[in-house]
Enquirer: 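Sharing a structure with you now.
Given the structure is predicted, the values throughout are model-derived calculations rather than measurements.
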Amino acid sequence: MQRNIKTSLVLLSLLLLSACNSQPVVEPKPAPEQPPAPIVEAPAKQEPTYPYTSPLTGLGTNQPPEQRPIMVMVNNAPPARPQTGLNQADIIYEVLAEGEMTRFLSIFQSQKPDVIGPVRSIRPYFIQLGVGYDAMLVHAGGSPDALKTLTRSDYSHLDEIPNGRYFWREQFRKAPHNLYTNTELLEQAMIDKGMRTTAEPIHFSFLPEDAVIADGEPASTIEIEFHSLNKASFQYDAEQKKYLRFTDGKEHIDLSDNKQLTATNVLVISTRHRVLDNEGRRDVDVVGPGDGYLFQQGKAKKVKWKRSNGVIKAYADDAMTQEMPLLPGQTWVEIVPNAPGLAQHLKFQ
């Protein structure tokens with residue numbers, strides 16, 4: 001009897017299982033189609049806006065145009081390269097000192113580098129260039145004539161030798177190629193020493209930022225020879241619309257960002273150079289007039305130059321009444337000897 005009950009239960013289970021398996025298969029419903037995602041256009045890149053326009057670059061800046069410029073003497077001896085802060089200067093003058101080596105007179109007004117240097121000594125013709133901007137002159141010592149000039153004149157200057165607290169020495173280089181400063185320290189020095197912190201702005205003529213230079217001789221490459229052992233060059237980069245700087249055939253970079261130095265305007269002028277003593281100290285005429293070339297956007301234009309209202313400017317005519325406008329950006333002024341002639345120191349193509 002028990003066996004029959006068990007058998008009946010087994011049969012009942014099989015019948016139930018079979019009934020479950022015989023249920024119709026329900027196909028899954030397709031997911032409803034999603035509407036296409038809306039196309040979101042990236043917002044147009046907005047150019048930064050600035051409250052002021054720099055009188056020395058023609059570009060927007062956060063610095064008031066009345067802020068007094070600062071001129072820092074920057075070393076260009078091979079052990080001092082690459083320098084720091086040149087990429088933020090408004091204008092750079094390159095001029096021979098002793099030993100057939102050049103130095104940079106870097107004029108800062110619209111930007112404030114965290115580091116500038118290496119700082120080097122000053123010469124009388126460097127003083128002439130700096131005071132034309134009513135700049136504070138920053139240097140580490142100088143030639144006897146330069147120091148005498150600064151002593152007897154009412155020039156605002158900061159010599160590192162008695163004012164070391166506004167400078168510092170780096171350990172990765174050897175003296176005298178390791179002296180640095182920055183605009184924060186220099187502006188504090190102006191306040192501490194009772195110097196004016198404002199000045200009447202120096203104005204240059206500028207073209208619109210979107211201007212296209214169509215006239216002139218082709219000049220994608222500029223080669224400048226200060227001496228057979230001291231050469232500089234610029235190569236035009238059409239994408240950046242700037243000239244890339246090379247020194248002795250190597251890319252000249254700024255140590256602050258390891259990027260190659262550039263120039264929007266390159267003015268090369270020739271002038272009288274005269275060696276004064278056995279040390280090789282020079283007298284360089286920075287008043288003019290003289291001959292030169294202005295290079296912009298891969299084009300060269302022959303110009304006349306003279307120091308006008310304290311600063312060197314280029315002119316389109318022999319009477320020097322038509323000032324050559326600059327493109328907004330950084331300007332380099334290269335000063336070469338006028339003997340044996342400009343063509344011996346400058347080549348371009």
Enquirer: With a 3.5 Å distance limit and no angle check, can you tell me whether Asn265 reaches the backbone of Gln296 through a side-chain donor-acceptor pair?
Expert: no

Enquirer: Can Glu66 and Arg196 be said to form a salt bridge (Lys or Arg N to Asp or Glu O under 4.0 Å), step by step?
Expert: CA-CA 11 Å; Glu66 299 82 12; Arg196 279 184 297 103; over 6 Å; no

Enquirer: Do Leu294 and Met320 belong to the same hydrophobic cluster, where Ile, Leu, Val, Met, Phe, Trp and Tyr are linked whenever their side-chain heavy atoms lie under 4.5 Å apart, directly or via other members?
Expert: no

Enquirer: How about NZ on Lys242, more than 12 heavy atoms from neighbouring residues, nucleotides or ligands closer than 6.0 Å, or not?
Expert: no

Enquirer: If you count the non-hydrogen atoms of other residues, nucleotides and ligands that lie under 6.0 Å from CD in Glu184, is the total more than 12?
Expert: no

Enquirer: Quick check: closest heavy atoms across Ser110 and Gln63, and the distance to 0.1 Å?
Expert: O-CG, 3.4 Å

Enquirer: Does Asp114 have more than 12 heavy atoms from other residues, nucleotides or ligands lying within 6.0 Å of its CG?
Expert: no

Enquirer: For Glu225 and Lys231: C-alpha separation, side-chain torsions, deciding distance, then whether salt bridge (Lys or Arg N to Asp or Glu O under 4.0 Å) applies.
Expert: CA-CA 5 Å; Glu225 182 173 306; Lys231 300 176 182 179; 3.7 Å; yes

Enquirer: Let me see the working for Asp285 and Arg274 under salt bridge (Lys or Arg N to Asp or Glu O under 4.0 Å), right down to the final yes or no.
Expert: CA-CA 9 Å; Asp285 176 18; Arg274 184 166 58 95; over 6 Å; no

Enquirer: Tell me if the NZ atom of Lys148 is crowded by more than 12 foreign heavy atoms within 6.0 Å.
Expert: no

Enquirer: Using 0.5 Å steps for rounding, measure from the CG atom of Asn75 to the OG1 atom of Thr102.
Expert: 9.5 Å

Enquirer: Walk me through it: do Ser156 and Met190 pass the test side-chain contact (heavy atoms from CB on, under 4.5 Å)?
Expert: CA-CA 9 Å; Ser156 296; Met190 295 171 74; over 6 Å; no

Enquirer: Can you tell me how far the OG atom of Ser106 sits from the CD atom of Gln330, to the nearest 0.5 Å?
Expert: 9.5 Å

Enquirer: If two hydrophobic side chains count as joined below 4.5 Å and joins carry through other members, does Phe204 share a cluster with Leu207?
Expert: no

Enquirer: Would you please test Thr271 and Val286 for side-chain contact (heavy atoms from CB on, under 4.5 Å) and show each step?
Expert: CA-CA 7 Å; Thr271 186; Val286 292; 5.7 Å; no

Enquirer: Should Glu217 and Lys302 count as an ion pair when the cut-off is N to O under 4.0 Å?
Expert: no

Enquirer: Evaluate side-chain hydrogen bond (donor to acceptor under 3.5 Å, both in side chains) for Ser143 paired with Asp145, printing each intermediate quantity in order.
Expert: CA-CA 5 Å; Ser143 66; Asp145 285 345; 5.8 Å; no

Enquirer: Which pair of non-hydrogen atoms, one from Arg173 and one from Pro79, has the smallest distance, and what is that distance?
Expert: NE-O, 3.3 Å

Enquirer: Apply salt bridge (Lys or Arg N to Asp or Glu O under 4.0 Å) to residues Glu334 and Arg245 and explain how you reach the verdict.
Expert: CA-CA 12 Å; Glu334 307 284 342; Arg245 162 83 184 197; 3.3 Å; yes

Enquirer: Distance check, rounded to the nearest 0.5 Å: Asp90 atom CG versus Ser54 atom OG?
Expert: 4.5 Å

Enquirer: Would a hydrophobic clustering, with Ile, Leu, Val, Met, Phe, Trp and Tyr connected at side-chain separations under 4.5 Å, put Phe104 with Leu96?
Expert: yes

Enquirer: Tell me, which pairs form a ring-ring contact (aromatic ring centres under 6.0 Å, His included) where one or both residues lie in residues 108-139, sequence neighbours left out?
Expert: His139-His157

Enquirer: Name the one of Ile312, Leu326, Ile91 that satisfies side chain to side chain contact (heavy atoms under 4.5 Å, CB included) with Leu267?
Expert: Ile312

Enquirer: How many angstroms lie between atom CD of Glu187 and atom CE of Met195, to the nearest 0.5 angstrom?
Expert: 12.5 Å

Enquirer: Could you walk me through whether Ser270 and Asn338 satisfy the side-chain hydrogen bond (donor to acceptor under 3.5 Å, both in side chains) test, starting with their C-alpha distance in whole Å, then the side-chain angles of each, then the deciding distance to 0.1 Å, before giving a yes or no?
Expert: CA-CA 5 Å; Ser270 68; Asn338 62 358; 5.7 Å; no

Enquirer: List the steps, then state whether side-chain contact (heavy atoms from CB on, under 4.5 Å) holds for Trp305 with Lys313.
Expert: CA-CA 6 Å; Trp305 72 271; Lys313 293 187 177 183; over 6 Å; no

Enquirer: Starting at CD of Gln349, measure out to OG1 of Thr221 and round the result to the nearest 0.5 Å.
Expert: 5.5 Å

Enquirer: How close do Thr53 and Thr61 get, heavy atom to heavy atom, and via which atoms?
Expert: C-CG2, 3.9 Å

Enquirer: Testing the 3.5 Å rule here: is there a donor-acceptor pair between the side chains of Gln83 and Asn76?
Expert: yes

Enquirer: When hydrophobic residues are tied together by side-chain contacts of less than 4.5 Å, even through go-betweens, does Ile335 share a cluster with Leu105?
Expert: yes

Enquirer: Establish whether Met71 and Val311 are linked, either directly or via other cluster members, by ILVMFWY side-chain heavy-atom contacts under 4.5 Å.
Expert: yes

Enquirer: Are Phe234 and Phe295 an aromatic pair, judged by ring center distance below 6.0 Å?
Expert: no

Enquirer: Could you tell me whether the side chain of Thr181 and the main chain of Tyr166 form a donor-acceptor pair under 3.5 Å?
Expert: yes

Enquirer: What heavy-atom pair brings Arg68 and Met136 nearest, and what distance separates the two atoms?
Expert: NE-N, 4.1 Å

Enquirer: Count the heavy atoms belonging to other residues, nucleotides or ligands that lie under 6.0 Å from NZ of Lys241, then report whether that count exceeds 12.
Expert: no

Enquirer: Donor-acceptor pair, distance only, cut-off 3.5 Å: does the side chain of Glu100 make one with the backbone of His227?
Expert: no

Enquirer: Of the non-hydrogen atoms in Pro328 and Leu59, which two are nearest, and what is the gap between them?
Expert: CB-CD2, 3.6 Å

Enquirer: Closest approach of Asp277 and Val275, non-hydrogen atoms and distance?
Expert: O-CG1, 3.6 Å

Enquirer: Check the surroundings of atom CG in Asn309: do more than 12 heavy atoms from other residues, nucleotides or ligands lie under 6.0 Å from it?
Expert: no

Enquirer: Applying the ring-ring contact (aromatic ring centres under 6.0 Å, His included) test to Tyr243, which of Tyr236, Phe348, Trp332 qualifies?
Expert: Tyr236

